[in-house]
Amino acid sequence: MRLVTIFATLSLVFAAACGDDNNQTPKDAPPPVDSTVATPDADCFDITNVAAPTHDQIINACTTATKIYKTEKPPLLNPDGSLPPLPQ
Amino acid sequence: MRRLLLIIPFVAALAPRDAAAAPCTDLPNPVYVQAGDTQTNLLKRLGRALRDNTSNPMSLIFLPSGSCTNIDAIYSRVPITANMQFVPSMAEDPAWTPSSPTIACTPPAGGVVPDIANSALFNSACTSSPPPATVAMHQGPVQAYVMAVPKASSQKAITFEEAYFVFGFGMAGMVAPWTDETNMFIRTITKSTLLAWAANITVPGDMWKGVRRDASSMVVSDLMTSPNPESAIGILGVEVYDGLRDKLSVLAYRGKGQYAAYFPDSSFESRDKRNVRDGHYTVWSPTIWMETLDANGQPVSARAHYIINLLTGKTATPEPQFPGNQTMIDLIAAVGLVPDCAMGVNRKFEGGPLELYKPAESCVCSYESRVDQTSCATCPAGTCSNGGVCRAGFCEVQ
């Protein structure tokens with residue numbers, strides 16, 4: 001009986017640790033909409049020792065500042081993520 | 001009605017007392033300044049300090065106007081004919097505070113060409129013409145621009161892409177909740193607030209959707225009185241927003257190619273402008289201060305040059321002796337601007353790419369001590385052990 005209990009417990013632990021193969025969220029997706037984080041995240045550039053970081057590295061440099069993530073896309077955004085021209 | 005009652009004190013504080021305006025020339029040592037209306041809070045504080053500057057007292061008399069209009073005024077020497085504003089000295093009104101109204105005065109007959117003109121963004125965003133040889137340009141404090149919403153709005157952030165559709169397409173952009181063009185409050189085409197945002201979201205200023213307002217105070221009033229606060233949005237200079245944090249909320253902004261949205265400050269509540277200084281908040285411009293030169297390339301007005309030196313962090317002689325031992329960093333930090341010497345990034349044109357920046361004489365520690373807590377070491381003169389430079393009581397990095 002004790003062995004069964006241990007087996008069942010371990011099964012639950014492993015099941016909880018496994019990812020969901022059907023999860024639609026990309027592996028590098030940021031946290032959900034409007035979550036705020038006050039610690040450096042993994043998805044950032046450490047520019048501490050970079051002499052001349054690029055613009056993109058500067059604006060995405062690691063920081064402890066509050067971050068707000070928005071994942072929803074505007075309905076008119078092109079499928080490739082580009083912007084359509086402005087209406088005349 | 002209740003909303004109207006709430007904004008009356010705010011509007012009253014912005015409007016100069018105009019009754020029986022006296023001639024501006026009656027004021028001692030006048031200096032005429034035409035500046036962006038986002039600079040009003042700074043000019044009020046500096047004006048008060050200069051009135052009571054025991055080493056070099058003068059009267060800063062200013063007219064708020066659009067940056068592009070101001071550039072043209074000094075490039076083309078267009079005289080100011082409208083009533084101007086000034087603040088009283090301690091002796092004239094000891095109870096005056098920066099939230100008190102200014103006082104109106106009438107310019108000299110025929111008008112007066114400003115001694116100093118201010119653009120609150122790169123001049124190149126207004127005109128492709130280079131300045132005449134008789135105009136000198138100086139880079140002053142940095143100002144961020146924000147998108148603000150009413151306190152009752154639940155919105156927290158806006159992205160580059162959303163802003164492109166909201167202000168470039170209006171209702172047709174279908175970005176909820178900002179789909180009501182009558183509830184989107186923007187500025188007219190000569191204003192730095194519009195042009196700075198235009199450069200950053202790649203929507204030319206003349207193509208913006210929304211209600212165009214001539215003054216920041218009108219945008220504030222619109223936001224505070226909107227019958228539908230959730231869909232209301234407006235653009236402001238951070239200097240204006242910082243004075244109204246109890247009435248409006250700033251949206252975090254995610255720039256093009258950025259992973260997250262950031263506030264100008266390191267958090268919604270703080271006032272450290274850390275994200276402006278390190279490049280995480282991308283919508284900012286240097287303020288440009290212009291003066292007229294003579295045929296020998298020397299400033300025409302010594303008083304104007306003195307004020308510009310103060311604003312741009314250069315040595316001003318005689319050293320200012322402001323009441324309460326205030327410094328220029330105190331005045332600049334108090335209104336939400338960032339002195340150039342506290343910046344860690346720079347750019348060459350409006351909305352242009354950021355690069356790291358090291359000012360010749362850093363004031364990061366001094367600045368942070370005014371707006372937040374600083375981790376910098378304090379020092380008696382010459383005792384920095386970390387290789388830094390002791391300046392104003394702090395070990396600055398250079």
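Every chain is numbered from 1 and lettered A, B, ... according to where its sequence line falls, protein lines coming before strand lines. If you're wondering where the values come from, they're calculated on a predicted model, not measured in any experiment.
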Minimum heavy-atom distance B/G173-A/P75, with the two atoms named: O-CD, 4.2 Å

Side-chain contact, heavy-atom cut-off 4.5 Å: B/Y262 with A/T63? yes

Given a strict heavy-atom distance threshold of 4.5 Å, which part of B/V166 is in contact with chain A: side chain, backbone, both, or neither? neither

Can you confirm whether A/N49 is buried at CG, in the sense that more than 12 heavy atoms of other residues, nucleotides or ligands lie under 6.0 Å from that atom? no

Within the side chain of A/K70, is there an N or O that forms a donor-acceptor pair under 3.5 Å with the backbone of B/T159? no

On a heavy-atom basis, which atom in B/F165 and which in A/P74 lie closest, and how many Å separate them? CD1-CB, 3.5 Å

Return yes when atom NZ of A/K73 has more than 12 non-hydrogen atoms of other residues, nucleotides or ligands closer than 6.0 Å, and no otherwise. no

When you measure from the side chain of B/Y164 to the backbone of A/P84, do you find a donor-acceptor pair of N or O atoms at a distance under 3.5 Å? yes

Smallest separation among heavy atoms of B/G257 and A/N60, with atom names: O-ND2, 3.0 Å

Hey, are the side chains of B/S266 and A/T64 touching, using non-hydrogen atoms and a 4.5 Å cut-off? no

Listed by residue number, which members of residues 268-276 of chain B have a heavy atom under 4.5 Å from any heavy atom of chain A? B/R274, B/N275

So which residue, A/V50, A/I58, A/T54, ends up with the most heavy-atom pairs under 4.5 Å with chain B? A/I58

Could you walk me through whether B/F263 and A/T66 pass the side-chain contact (heavy atoms from CB on, under 4.5 Å) check? CA-CA 8 Å; B/F263 299 107; A/T66 300; 4.2 Å; yes

Tell me, for B/M174 versus chain A, whether the close heavy atoms (under 4.5 Å) come from the side chain, the backbone, both or neither. both

Over all heavy atoms of both residues, which pair between B/Y259 and A/Y69 is shortest? Give the atoms and the distance, please. O-CD2, 3.5 Å

Of the options B/V345, B/D278, B/T282, which is the one that meets A/I59 in a side chain to side chain contact (heavy atoms under 4.5 Å, CB included)? B/T282

Contact list (residues 187-200 of chain B to chain A, heavy-atom gap under 4.5 Å, by number) returns none

Segment of A/A51 engaging chain B (4.5 angstrom heavy-atom cut-off): backbone

Is it the side chain or the backbone of B/F160 that comes within 4.5 Å of chain A heavy atoms, both, or neither? side chain

Mind running side-chain contact (heavy atoms from CB on, under 4.5 Å) on A/K67 and B/H280 for me, showing each step along the way? CA-CA 10 Å; A/K67 305 168 191 68; B/H280 283 91; over 6 Å; no

Heavy-atom pairs under 4.5 Å with chain B - which of A/I47, A/L86, A/L77 has more of them than the others? A/L86

Nearest heavy-atom pair of A/P85 and B/F169: which atoms, and what distance? O-CZ, 3.3 Å

Which region of B/A176, side chain (C-beta onward) or backbone (N, CA, C, O), has a non-hydrogen atom less than 4.5 Å from a non-hydrogen atom of chain A, or is it both or neither? neither

How many angstroms lie between atom NE2 of A/H55 and atom CD of B/Q258, to the nearest 0.5 angstrom? 7.5 Å

